Structures are given as structure tokens and as C-alpha cells.
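Beneath this line is the structure, given in C-alpha cells, with notes to follow.
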2 protein chains.
Amino acid sequence: MSRLETRLTKLLDIEHPVLLAPMGNNSGGAMASAVTEAGGLGIVGGGAGNREQLETELGRAGNSRVGVGFITWAIADKPEIVSVALERQPVAVFLSFGDHTPYVDEIKRAGVLLICQVQTVEQAITAIGSGADIIIAQGQEAGGHGMTARGTISLVPAIVDRAGEVPVVAAGGIADGRGLAAALMLGASGVLMGTRFCAAEEALWQPDMKARIVEANGDETIRSSVFDMVRGPEWPAPYDGRAVSIDAVERWHGNELALRENLEVERAAYAEADKRGDMGTKVVWAGEGVDLIHEVQPAGDIVAQTVSEAIAMLTDEKTYSLV
Amino acid sequence: MSRLETRLTKLLDIEHPVLLAPMGNNSGGAMASAVTEAGGLGIVGGGAGNREQLETELGRAGNSRVGVGFITWAIADKPEIVSVALERQPVAVFLSFGDHTPYVDEIKRAGVLLICQVQTVEQAITAIGSGADIIIAQGQEAGGHGMTARGTISLVPAIVDRAGEVPVVAAGGIADGRGLAAALMLGASGVLMGTRFCAAEEALWQPDMKARIVEANGDETIRSSVFDMVRGPEWPAPYDGRAVSIDAVERWHGNELALRENLEVERAAYAEADKRGDMGTKVVWAGEGVDLIHEVQPAGDIVAQTVSEAIAMLTDEKTYSLV
């Protein structure tokens, strides 16, 4: 199999420019390991920093070279979780959603790469200035948590123009090899995919949630604060999340002040419906790229297929002829 | 100069897969002509269908092969404006924002191509089913009117997968050759650019507005209904607009119900500030791609530069090596 060598693959010493998003409660050690063994980089979702869960999943990654990701604002009261991750000598620590500066020195001293995920150009400039080794440019198309801010196709080249030698990775709305090829054309050195890996066999999600990813279409997803409000825990502004729309979002999106008045009732209803496994109610985080996802597959096959599709797009002149 | 031949360039019989967005009060005959003469397709902005203005601008396009675009919902009470456009035998009629079906037969009978701009996959399926010859897939990154819906990087491949032989053109957040190259990788046959052409010498906008486009950054733009509410006229749901943020948006975005209560006051304040030429108040429609725009140029240079940059990205392996 031919491969795409980029600034990112060289820095991370990996074969393919495909990274697994560190999704909490979904990107476990088995999936991270599978992505790494297929030539990408698996990043274990450390979420809000539950130590027991993190140690379990790092154990499941075995001897694979993986990274570890955290929700930055959520670990502020337990910064020692970063040390726990560093003891394992991960390839990289991935920080998103908050101020990463308190962790920079410790990560650098451990000789571990720092990956910062950002949602605006301004955040990228700050992250690069404070020592980020890799920038993930996350557009609002992304599933799960993020910001109602920039779209991937405009955010990536704008950050590339400010990043100098720092590799920029595109995230948000990318779920196949066309997205990887497009990201490279925008100046990125690779992609980070979350939603596509939600439909991986190794993902920790239950089968009914994976089935919803396969069946959902992108027009059905929406970015809203309502998901976190009714499900809990709530996230601080400016973060919200994209998921397949649910009843509560249809009722309350755009009217969050009124939801606040009814929150106890809505939370109880959510918890009840969640217990029943009602998929019209349950939050299934999903990016707009769900249109491009048609089956549940091994994570390693997703890496291989994405790369081979990208190479075909880049070399076959499928959509144009140079004349 | 080499060129990129695609399904779009063949159908429109043009040299380069670059289309001018038909921006009302901005894409006049001179700019449309300049884009066409540079090898793309200029589309005159017919806006809400002011006949006198349309005839003036079509006159300014001279003998250039151009298209004509309309705001579909806004011409519902004057459908004869489409006949006015068709008398000129344009290359294409471009319809966006509303139900285009009442116009399909007349456009087809005139032997003119029908371009439909859509913001969701569902709208694309409807447009293709009713005879659209070209689909513009407009992401929410786009400047000016659109929908808070899909991002370009996910919308384009999803529509391509449903479009069969109908060419799909990417719009929204694309302002240079990297965007064109990325669009081709996503399966599109070309791009439609608006914001980049706002900084063209031939654009009808005043110099202070062009300067704002050059100076603004993408993080500063926002998609909101507040622009239309304070400036007037208001647009029907689900349409809103992206522009450089202004005082009124900072105050009222997300709180439109309260703005409704204060609308007379805010409209008067807007009109007053607009008269003064206050750029912190004036609506300057702009897409997220403004980060990539650095100067006011002739429209023909924009076409040539976009194409040559795209060819360089597609052929030089700037971001990757195939190994």
C-alpha cells in the first residue's frame, strides 16, 4: 500500500496522517491500539480525568504507541491526572476546551508532544505561542463538544497561514478519504476523525448508538447547548456540542433561558428515557460527516480505507483533467 | 496557463471552474463580465428583481456570456423578472433561497441552464429531482445570506453522492486556490466565490466596505438574523446572513425576541449610523474566508490566481509525499 508522508507523520513517527479523536467513554484502549496498529495514531479519551478508567484503558492499549486526550477545563481540579498519563510515556498529550498553559512545562519535560485542539484562529495563535507541537483545527461540523464558530474549510488554511512549521490537522466534517485529500489541499498535514470511529467495532459505545451513526444523516445533526443541559454535566461557555437532534433540542434550542426554568423536569425526563434506551431522546454525538458513514467496521479498516481513497483522489484526476 | 477542465467547465463551456456569486448590489455587469472574460462565469446579482437595475447591469455586461441570479422568495410577487432575464439569453439562471419549481419550465424552454443553490442535502435532492442542471452546495461559512445548517466540507461530498451526473459546485469559506483544490477533492466540479470578489475592483460596493473585507478576520464574522432585522428588509426563516459582527449583533444575537420589542429604536439607530458611514455599525456581508483575502484586485486576477494556486496544490505535493 502506498502512503502519504507529511510533516505530521514524520513528527509522530507514524505511517498514515490519520488520528483518532480522544472521545471520552468511546475512544478506549482497544480502539486507540487498533488505529495505531493500522498506521495512524490512536488517542485514548481521558475525558474529565477519571483515573481508574484512564488506567484501565491505557492497560487495554497494551504496548501500542498511543496518545492521551483530556477535556482541559474539566481537569483543572485534578491536574495530577496529566502526570498519570505521562508516566505511561504516551506519544502525545492532547488538550482541548480550555487553558492548556498550566500543563505545557510538565508535558515538555517528559519529552512528550503537546497537541492542542482549537476552534478559532485566535486560539491557534495562542497555542502555537505557548509551545503546542501540533494544532488540531476543529470546525463546527465536528461531532461532540466544540464551538459554534468556524467551519473546517476556512479555519484550516487560516491557521496554516499563522502556524509556520507547526503541523495543522483538520477536524470536523471529515469522514472519508475525500476529506483527507481536501485537508491536504487546504495545507493541513492530516486529519483527526471522531464520528467515523464511532462506527468502529472497537468503539466503546453500545451497538444501538453505532447503528444510529450509520443510519443518521448530516442534516439531522445540530450544534446546541441543550444536549448538555438536559443530559448533564453542563459545559462552560463557549462550548456546546453537535449530536443527532433529539426531542428536547427541537423544543428548547434557541430558547435556553426558558429551558433553564424547566431544567429539573427535563433532566428527569431525559434520565427516564435514557434508561429505556429511547433513541429519539438519547444524546448520540455525531458530526455532519455521518452522511458518509455506511457501516460498522474495524477501526484499522477505517484507517486503510481513508488513506487509499485519499490517494485515489489525489492521483487519479477523478474530478478534473489538467489541460 | 494550464487549466482545470471539469464536468462544470464543459457544461458551461468555460475555461476555469470558478463562478462569481450573484451578490445583489455588488455583482454588477462589469464584474460579471470581468470574471467571464478571465475564463470563469460571471453571474449578475439580480437580487429581489428590480427590473431597471437588472437591465442596467445586464447592459454593463456587454456581450460577455453571463448568468443572472435571483433571491427566489423575493421574486414570488414578480415572476416576470425571470422572463426579463431570459430575453437576454443568459448562460444560466441561478436561483437560491426558496422554491424554484415555478420557474423550471420557462427556463428550460428558453434553453437556459438552471443553477440551484442549496444549503442542505434534502434541498439538493429536491432540486436535482426537479431538473436543476448544476447544484451549488453552500456551507454556512458563506458570507451574506444562507442558512445556519451545513459546513462546506461535509455538505459537498454528501450532495455529490446523491447528484449522479449533475455537477456540484462548492460555496462557503472558499477564497483561494487551496479552497478550489479542496473542493475538487471533495468531488465538486468547481467553486462559487462571493466574499473574495467583494474585494474586486469591479465590485459595486464602496471602497470602505472593500477595505473592511481586506482587514477583517474570519473569527469576527457571525451568522445571525439580527443583521436583517436592524437593517431591513427581513428575510423569512430559515434564512439568515453572515457578516462582520456589529454592535447590534453583539447586543441582540441569541435574544431576537427581545430585539423584536425594541426594533423601531434599533432600526432608527442603524439608519442613522449607516448615514454616517460608521463601519462598527454597518452590515458588511463577509464569509469566513476573509482571513485569506489580502488586497483589492481586478476580478480577472482573482480568477487567474485562484486557478494557478489550485493547480500548484494539486500537482506539487506541497503538503505530502506519496511514498
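Source: prediction; values computed, not measured. All chains are named by letter (A, B, ...) in the order of the sequence lines, taking the proteins before the strands, and each is independently numbered beginning at 1.
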CD (Glu234(B)) with more than 12 external heavy atoms under 6.0 Å | yes

Please determine, among Pro17(A), Ala170(A), Gly151(A), the option with the most heavy-atom pairs under 4.5 Å with chain B.
-> Gly151(A)

Interatomic spacing from CD in Glu317(B) to CG in Leu314(A) - rounded to 0.5 Å = 8.5 Å

Heavy-atom distances under 4.5 Å only: say whether Ala188(B) touches chain A with side chain, backbone, both or neither.
-> backbone

So which heavy atom on Ala182(A) is nearest to which on Met185(B), and how close?
-> N-CB, 3.6 Å

Could you walk me through whether Asn217(B) and Val121(A) pass the side chain to side chain contact (heavy atoms under 4.5 Å, CB included) check?
-> CA-CA 9 Å; Asn217(B) 65 64; Val121(A) 176; over 6 Å; no

Please say whether more than 12 non-hydrogen atoms of neighbouring residues, nucleotides or ligands are located less than 6.0 Å from CG in Leu257(A).
-> no

Under a 4.5 Å heavy-atom cut-off, does chain A meet the side chain of Leu8(B), its backbone, both or neither?
-> neither

Considering only heavy atoms, which portion of Ile311(A) lies under 4.5 Å from any heavy atom of chain B: side chain, backbone, both, or neither?
-> side chain

Among Thr152(A), Leu186(A), Leu4(A), Thr9(A), who wins on heavy-atom pairs under 4.5 Å with chain B?
-> Leu186(A)

Any chance you could measure Glu288(B), atom CD, to Gln140(A), atom CD, to the nearest 0.5 Å?
-> 7.5 Å

Examine whether an atom of Val160(B) lies under 4.5 Å from a heavy atom of chain A, and if so say whether it belongs to the side chain, the backbone or both; otherwise answer neither.
-> side chain

Looking only at heavy atoms, which two atoms of Gly289(A) and Ser154(B) are closest? And how far apart?
-> N-CB, 4.2 Å

Could you tell me whether Arg162(B) atom CZ has more than 12 heavy atoms of other residues or ligands within 6.0 Å of it?
-> no

Among the listed options Asp291(B), Leu155(B), Val156(B), the residue most often paired with chain A at heavy-atom distances under 4.5 Å = Asp291(B)

Please flag which part of Thr315(A) lies under 4.5 Å from any non-hydrogen atom of chain B: side chain, backbone, both or neither.
-> side chain

What part of Glu141(B) gets closer than 4.5 Å to chain A, counting heavy atoms only: side chain, backbone, both or neither?
-> side chain

Among the listed options Gly173(B), Ala181(B), Pro157(B), Ala158(B), the residue most often paired with chain A at heavy-atom distances under 4.5 Å = Pro157(B)

Where do Gly187(B) and Thr319(A) come nearest, in terms of heavy atoms and distance?
-> CA-CG2, 3.6 Å

Who wins among Thr6(A), Asp219(A), Ile153(A) for the most heavy-atom pairs under 4.5 Å with chain B?
-> Asp219(A)

